[in-house]
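Keep in mind the model is a prediction, meaning the values are calculated, not measured. Indexing begins at 1, ligand by ligand and atom by atom, following the structure's order. Reckoned from all heavy atoms, side chains included, excluding hydrogens, waters and symmetry mates. Nothing fancy with the numbering, it's 1 onward along the sequence.
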Amino acid sequence: MEKFIIEGGAKLSGTVRISGSKNAALPIISASLLAEGKTVLHNIPDVKDIKTLIRILEYMGVKVRFERNTLEVDPSGIYRYTAPYEFVSTMRGSICLLGPLLAKYGQARFSMPGGCLIGARPIDLHIKGLKKLGVEVLIEEGYIVGKTPRKLKGSNIFLGGNFGSSVLATANIMCAATMAKGETLIEFAASEPEIVDLAMFLKKMGARIYGEGSHCLRIEGVKNLKSVEYSIIPDRIEAGTYILAGYLTRGSINVKNVVPGHLFSFLDKIEETGVSFKSRKNSIETVPSGRWRSVDVITLPYPGFPTDLQAQMMTYLSLAEGISTVTEKVFPERFIHVAELNRLGANINLDGAKAIIKGVDRFKGSKTMASDLRASAAIVLAGLAAEGETEISRIYHLDRGYENFEQKLVALGAKIKRIKS
Ligand code: EPU
């Protein structure tokens, strides 16, 4: 196993280029199964989750070629429609293969994803939507088995759950509906930029989708979808992580290849803390600042504050002046980073789904353990700002979603090394 050793206190400065969005790439790669021929996708991040999805596709008989962030997917040789436990258990996002498989091939057998480190991860909305389109769904020996004896049929589907809209349920149902007979209406659809990117990709393939970016999607089914070439949007969560690295190390980082509009709620909160940044068409540059102020943050589906930046924001607020609160409304148990941040000197208490953060003057380096992907990024940020040395074990979590993380940080001036345990 590998770990990071960070010598904290280095001021980070310079330019960092943001990679393609992992969470846009996963459903778009899956949706390329809907095409007749070979799809070519650019700006695909070279991270572990993408490689896991590629392994699942190869297992199914799909031809895949991945080189220098370009991925070619040719489903013509597909002969298995199953995602076994070994794959799904390491990457829950593979569930987004379900919709495309059922729409195009009429069958899918998927290991049930189960919960994970960020809490219970139900799939009731995926199943409800698929059933509404005419899929027969059974649970057999830990597998979800979907079958469509005849062509899927468009329907009116309310896709809201107890925690609001669902990103991947929307992706699955939208994909499935593109080839269904007639019209589908999805109410309470997710409006995340990753869903809009998926809709743009599907539309380029010939799908008829209306209303992407809103909570109501209308999809008119078509008979075939053609293969296209497409480039994925930048990763807004990676961008937010580097922006916070800039403030936390009192440096000036020019975060390039971002869509500032995708980070609106995050940047708004950052501004409320009293720091500033220069926002340009495709970049955001942090302006070094003294101590920032506390704020209250509530995570919500887009355009609210993203849950995927909650942990990193908590690192930032730990060094704010005053008391902040962070309320997690998307994954109410997503607080695994709290104990590790406290180990580094933060003062965070939990009250159910709310964290109360009393600002401290500094972090002090310590031994820590990475857990889920974003929690691990939060610990790296704290280590960069800390006095002394921070050791972070189990960094494979970070490799799931941050492309060249330590290389990018080193290029900005960080003292971070990857070593074998
Ligand atoms: N939910 C249900 N029923 C469902 C599906 C979801 O109740 O059938 C609930 C969830 O338990 C949660 C809420 O709805 O409380 C939202 O979950 P959502 O379905 O939107 O999450 P997801 O689609 O499984 C994606 C991202 C996550 C990100 C969430 C929320 C991918 C591959 N994953 O997951 O990303 O946190 O949306 O924005 O796109 C990450 O990148 O670190 C990550 C976890």
Under 4.0 Å between heavy atoms, the region of Arg334 that gets near ligand 1 turns out to be side chain
Quick check: do Leu217 and Leu185 have side-chain heavy atoms less than 4.5 Å from each other? no
Cationic N near anionic O, under 4.0 Å, Glu238 to Lys22: no
What atoms of ligand 1 come closer than 4.0 angstrom to any heavy atom of His126? 8 (O)
Is there a polar contact, in the sense of an N or O pair closer than 3.5 Å, between Leu168 and ligand 1? yes
So, the side chain of Asp235 versus the backbone of Ser19: is there a donor-acceptor pair under 3.5 Å, distance only? no
Neighbour count >12 (heavy atoms, 6.0 Å) for atom NZ, Lys415: no
What is the minimum heavy-atom distance between Phe405 and Thr241, and which atoms define it? CZ-CG2, 4.3 Å
Closest to atom 20 (O) of ligand 1 (judged by heavy-atom distance), picking from Leu159, Ile95, Val167, Asn162: Val167
Any salt bridge linking Asp46 with Lys51? Criterion: basic side-chain nitrogen under 4.0 Å from a carboxylate oxygen. yes
Going by atom types only, do Ser376 and Tyr402 share a side-chain donor-acceptor pair under 3.5 Å? no
Atoms in ligand 1 with a heavy atom of Arg121 nearer than 4.0 Å: 22 (P), 24 (O), 34 (O)
Using distance alone, decide if ligand 1 has a nitrogen or oxygen within less than 3.5 Å of any nitrogen or oxygen in Gly93. no
Write out the residue and atom name of the closest protein heavy atom to atom 8 (O) of ligand 1, then the distance separating them to 0.1 Å. Leu125 N, 2.8 Å
Does ligand 1 have any atom that is closer than 4.0 Å to a heavy atom of His397? no
Apply side chain to side chain donor-acceptor pair (under 3.5 Å) to the pair Tyr247 and Thr273, showing each step before the final yes or no. CA-CA 11 Å; Tyr247 295 119; Thr273 68; over 6 Å; no
At under 4.0 Å between heavy atoms, is it the side chain or the backbone of Val330 that contacts ligand 1, or both, or neither? both
Approximate separation, where rounding is to 0.5 Å, of Gln312 CD and Ile379 CD1: 10.5 Å
Using distance alone, decide if ligand 1 has a nitrogen or oxygen within less than 3.5 Å of any nitrogen or oxygen in Arg374. yes
Contact check, Gly161 vs ligand 1, heavy-atom distance below 4.0 Å: no
Interfacing atoms of ligand 1 (cut-off 4.0 Å, heavy-atom, Leu373): 42 (O)
Going by distance only, is there an N or O of Lys22 that falls short of 3.5 Å from an N or O of ligand 1? yes
Check against salt bridge (charged side-chain N to carboxylate O under 4.0 Å, His left out), Arg418 and Glu406: CA-CA 8 Å; Arg418 180 185 289 253; Glu406 74 266 30; 2.5 Å; yes
List the atom pairs, donor and acceptor, that lie under 3.5 Å between side-chain atoms in residues 99-110 and the rest of the protein, sequence neighbours left out.
unit_1	atom_1	unit_2	atom_2	d
Lys104	NZ	Leu33	O	3.4
Lys104	NZ	Ala35	O	3.0
Tyr105	OH	Leu33	O	3.2

Salt bridge or not for Asp308 and Arg334, using N-O below 4.0 Å? yes
Looking only at protein heavy atoms, which one is nearest to atom 19 (O) of ligand 1, and what is the separation? Ser166 OG, 2.6 Å
Taking 4.0 angstrom as the limit and counting only heavy atoms of Thr307, give me the atoms of ligand 1 inside it, by number and element. 30 (C), 36 (O), 38 (O)
Any nitrogen or oxygen of Pro122, main chain or side chain, under 3.5 Å from a nitrogen or oxygen of ligand 1? yes
Would one find an N or O of Asp308, backbone or side chain, under 3.5 Å from an N or O of ligand 1? yes
Do any nitrogen or oxygen atoms of Asp372 come within less than 3.5 Å of a nitrogen or oxygen of ligand 1? no
Please write down residue, atom name and distance for the protein heavy atom closest to atom 39 (O) of ligand 1. Asn23 CG, 3.2 Å
Below 30° counts as parallel, above 60° as perpendicular, anything between as tilted: where do the rings of Phe158 and Phe188 land? perpendicular
Interfacing atoms of ligand 1 (cut-off 4.0 Å, heavy-atom, Ile123): 4 (C), 8 (O)
Those atoms of ligand 1 less than 4.0 Å from some heavy atom in Arg92: 24 (O)
List the closest protein heavy-atom neighbour of atom 3 (N) of ligand 1: residue, atom name, distance to the nearest 0.1 Å. Asp124 OD1, 2.7 Å
Which side-chain hydrogen bond (donor to acceptor under 3.5 Å, both in side chains) pairs, counting each pair once, include a residue from residues 188-199, with sequence neighbours left out? Glu194-Arg236, Asp197-Tyr230
Numbering the atoms of ligand 1 from 1, which are under 4.0 Å from a heavy atom of Leu26? 32 (C)
Distance to the ring centre below 6.0 angstrom and angle to the axis at most 45 degrees; does that hold for Arg55 and Phe87? no
Among all the protein's non-hydrogen atoms, which is closest to atom 29 (C) of ligand 1, and how far away is it? Phe331 CE1, 3.8 Å
Got an N/O contact under 3.5 Å between Phe163 and ligand 1? no
